[in-house]
Amino acid sequence: MIIVFKHDASEEQVQAVVTRITELGMSPHLSKGIARTLLGAIGDEKILNAHPVDAMPGVERVIPVLKPYKLASREFKRENTIIDLGDGVLVGGPRFEVMAGPCAVESREQTLEIADILKGFGVRILRGGAFKPRTSPYAFQGLGEKGLKILAEARERTGMKIITEVLDADDAPMVAEHADVLQIGARNMQNFALLQRVGRLQRPVMLKRGMSSTIQELLLAAEYILKEGNSLVMLCERGIKTFEPATRNTFDISALPILKYESHLPVIADPSHATGIGYVIPPVALASMAAGADGVMVEVHNHPEKALCDGHQAVQPAPFHDMLEKLRTLAPAVGRTF
Ligand code: PEP
Ligand code: MN
């Protein structure tokens, strides 16, 4: 952290801060410029939260050097975190991973049918919501525990890994029983009780960016999970609210390289909720791979006209398969396997 002194700070005031920094166990590095005196304080910055040096006479401001998030940062961990879902499915490694499936688990037949199709395409992670965070309380809310059991059956049948949303902290252990990855949705990104609850489970979590949240807020939300001892966190860019009405949200593609630069955690792109338009999803998925995402999550439905949730944005199996082929062609050009 850097301490900037007022232009008229006296020598005694500067020395008092140097003494204080030393007493607090940090090492002071003084730099006397023509206009200003600066003091670099190297050590555990958290100490200064309890001992606010910026309240001392002569100090103008204190600039933290380290990021407000610690455990999620590259400063804390240089190498990429790779999350092992078992059976060779590694998220965050060189292989690009695709998560696909319907928005919601609607019935056993629908889920097993689409799971079989996706398995046939080589998809290794099946998505589907059993608990749906709907804008309207009158809209389909998901099948709840029955939906989780259907997903578990799809896993048994296909060997695919399961990702599904947990909406409520009390449900977290039950969802963890059936799912390989717990999804925290955009609306819950700052539900700190839920974040802490999944932080106490040793189960992979995919944390989606809130629709009105900054990249830093996403990383701080991840910090809540990491701080509880669960290091298996993936971050997901799913679009943010802007003034542009042409798409459901605006896909923030620059968030992908920024998250990869700032954090060691795997980064997933969700072009389905980001754009909300079937034909826009495949090109945005390709762009995500090129921009450094470790994988994509795409909503696929074989009967979108009958879907109980997000049918308008579902990609049908044939264009989805075409998207997979294009990802396969692109992968070596951007240093990925797929
Ligand atoms: C979802 O993935 O099913 C979902 C509801 O997405 P989001 O939380 O990003 O809106
Ligand atoms: Mn959806």
Side-chain angles (χ1 to χ4, degrees), residues 97-106 110-111 114 118 123 125-137 139-144 147-148 150-151 161-168 171 175 179-191 194-195 198 204-215 217-218 221-222 233-242 247-252 255-256 259 267-278 280-281 284-285 288 293 295-316 320:
E97 279 301 335
V98 173
M99 308 173 179
C103 181
V105 175
E106 299 165 13
Q110 165 250 8
T111 306
I114 193 71
L118 295 170
V123 173
I125 307 173
L126 176 69
R127 68 144 284 145
F131 295 93
K132 293 305 304 173
R134 304 306 300 277
T135 302
S136 163
F140 176 60
Q141 303 288 309
L143 297 180
L148 294 177
I150 293 170
L151 287 170
K161 305 296 168 191
I162 302 293
I163 177 167
T164 195
E165 180 159 354
V166 52
L167 266 187
D168 189 298
D171 294 337
V175 179
D180 299 286
V181 184
L182 305 173
Q183 175 172 318
I184 306 250
R187 290 155 192 82
N188 265 325
M189 189 202 85
Q190 286 187 317
N191 179 339
L194 177 60
L195 299 178
V198 300
V205 176
M206 185 173 87
L207 176 64
K208 298 186 92 175
R209 179 178 179 181
M211 55 197 78
S212 304
S213 298
T214 63
I215 292 170
E217 285 162 347
L218 171 61
V233 180
M234 321 169 188
L235 306 168
C236 178
E237 164 59 39
R238 50 76 74 207
I240 49 174
K241 294 245 182 248
T242 69
T247 46
R248 180 172 175 177
N249 291 286
T250 295
F251 184 60
D252 183 6
L256 303 174
L259 286 169
V267 175
I268 305 296
D270 171 356
S272 292
H273 294 91
T275 70
I277 305 172
V280 182
I281 294 165
V284 174
S288 301
V296 283
M297 168 182 270
V298 174
E299 286 188 351
V300 183
H301 204 295
N302 44 338
H303 299 294
E305 72 288 352
K306 292 190 201 153
L308 297 180
C309 183
D310 282 353
H312 58 279
Q313 70 186 29
V315 180
Q316 297 218 32
F320 177 71

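Owing to the predicted nature of the structure, the values given are computational and were not obtained by experimental measurement. Order of listing sets the numbers, starting from 1, for every ligand and every atom in it.
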Fill in: Listed partners of K161 passing salt bridge (charged side-chain N to carboxylate O under 4.0 Å, His left out), at least two apart
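For K161, the residues satisfying salt bridge (charged side-chain N to carboxylate O under 4.0 Å, His left out) (neighbours in sequence not counted) are D87.
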Does some side-chain heavy atom of [Y] sit less than 4.5 Å from a side-chain heavy atom of [X]?
X	Y	answer
F251	D270	no
M297	I163	yes
I215	L218	no

Worksheet item: Among I268, N188, L195, L182, which one satisfies side-chain contact (heavy atoms from CB on, under 4.5 Å) with L207?
Response: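 For L207, the side-chain contact (heavy atoms from CB on, under 4.5 Å) test succeeds with only one of I268, N188, L195, L182, which is L195.
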Ignoring hydrogens and angles, tell me if any N or O in the side chain of [X] forms a donor-acceptor pair with the backbone of [Y] under 3.5 Å.
X	Y	value
Q110	A104	yes
S288	V284	yes
Q141	A139	yes

Please tabulate protein-ligand N/O pairs under 3.5 Å for ligand 1, atom names and distances to 0.1 Å.
residue: ligand 1; atom: 2 (O); partner: R127; partner atom: NH1; Å: 2.8
residue: ligand 1; atom: 2 (O); partner: Q183; partner atom: NE2; Å: 2.8
residue: ligand 1; atom: 2 (O); partner: K208; partner atom: NZ; Å: 2.8
residue: ligand 1; atom: 3 (O); partner: R127; partner atom: NH1; Å: 3.4
residue: ligand 1; atom: 3 (O); partner: R127; partner atom: NH2; Å: 2.9
residue: ligand 1; atom: 3 (O); partner: K132; partner atom: NZ; Å: 2.9
residue: ligand 1; atom: 6 (O); partner: K208; partner atom: NZ; Å: 2.9
residue: ligand 1; atom: 8 (O); partner: A186; partner atom: N; Å: 2.8
residue: ligand 1; atom: 9 (O); partner: K208; partner atom: NZ; Å: 2.9
residue: ligand 1; atom: 9 (O); partner: R238; partner atom: NE; Å: 2.6
residue: ligand 1; atom: 9 (O); partner: R238; partner atom: NH2; Å: 3.4
residue: ligand 1; atom: 10 (O); partner: R187; partner atom: NH1; Å: 2.8
residue: ligand 1; atom: 10 (O); partner: R238; partner atom: NH2; Å: 2.8

Discussion item. Show me the pairs that pass salt bridge (charged side-chain N to carboxylate O under 4.0 Å, His left out) and involve residues 299-313, at least two apart or across chains.
Written reply: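 Every pair satisfying salt bridge (charged side-chain N to carboxylate O under 4.0 Å, His left out) with a residue in residues 299-313: R127-E299, R248-D310.
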Worksheet item: In the shown structure, where waters are left out, how many protein N, O or S atoms lie under 2.8 Å from the Mn ion (ligand 2)?
Response: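 Those protein atoms number 4 in total.
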